[in-house]
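Taking it in order: structure first as structure tokens, then the write-up.
This chain uses plain numbering: 1 for the first residue, then up along the sequence.
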Amino acid sequence: MEAPFVNPQEGTAAEAIEAIGDELDVFDDWMERYQYIIEMGRKLPPFPPEWCNDAHRVPGCQSQVWLEEKEDDGRLYFAGLSDAAIVCGLVALLLRVYSGRTREEIQATDPGFLRDLGLVQALSTNRGNGVEAMARAIRTAAAVSA
């Protein structure tokens with residue numbers, strides 16, 4: 001899949017979650033983890049400015065977050081962006097897990113992994129709610145039949 005859509009780095013969503021957990025475990029504290037997450041966001045493919053509109057905006061996020069999806073060969077690919085650096089990193093993290101997966105795999109991948117990794121608890125309440133809203137938006141897109 002071409003930019004701005006994210007291609008999966010790992011073979012499955014479960015492998016992506018495990019890899020992210022291993023990468024976050026390298027760091028001793030949450031400030032270092034935040035910096036790593038921000039760097040993930042900086043590596044997202046460029047998001048078209050014309051998609052930064054209400055039609056693409058994810059409701060329930062404190063920051064502005066925009067998502068777009070495209071289906072190709074039975075898999076959903078996502079593109080995303082936020083106006084906040086840490087949230088952009090959280091978008092990248094979610095897209096690493098969910099983009100390039102089948103609808104069934106997306107639906108089967110519970111966003112509880114965000115809590116298991118300690119992400120929701122380490123964020124402010126509003127940011128934690130926002131990342132969960134992003135995961136819901138991705139799973140809702142997968143639930144809508146093509």
Working for side chain to side chain contact (heavy atoms under 4.5 Å, CB included), residues M134 and L90: CA-CA 9 Å; M134 287 185 272; L90 294 168; 4.2 Å; yes
Step-by-step side chain to side chain contact (heavy atoms under 4.5 Å, CB included) determination, L81 to C52: CA-CA 8 Å; L81 179 69; C52 295; 3.9 Å; yes
Closest approach of W66 to D83 (non-hydrogen atoms, all atoms of both residues): CZ3-N, 4.1 Å
Non-hydrogen atoms of G80 and L67 that approach each other most closely: CA-CD2, 3.8 Å
Salt bridge (charged side-chain N to carboxylate O under 4.0 Å, His left out) evaluation trace for E23 with R96: CA-CA 13 Å; E23 291 163 12; R96 182 171 170 186; 2.8 Å; yes
Partner of I37 by side chain to side chain contact (heavy atoms under 4.5 Å, CB included), out of I20, V87, I86: I86
Is [Y] close to [X] at the side-chain level, that is, under 4.5 Å between some pair of heavy atoms?
{"X": "T125", "Y": "N129", "answer": "yes"}
{"X": "L95", "Y": "L44", "answer": "yes"}
{"X": "P4", "Y": "P46", "answer": "no"}

Between F78 and Y98, ring centroids under 6.0 Å: no
Side chains of R75 and S99, donor plus acceptor under 3.5 Å: no
Set of ring-ring contact (aromatic ring centres under 6.0 Å, His included) partners for W51, sequence neighbours left out: F5, F47, H56
Verdict with reasoning, T109 to V97, per side chain to side chain contact (heavy atoms under 4.5 Å, CB included): CA-CA 9 Å; T109 305; V97 171; 4.0 Å; yes
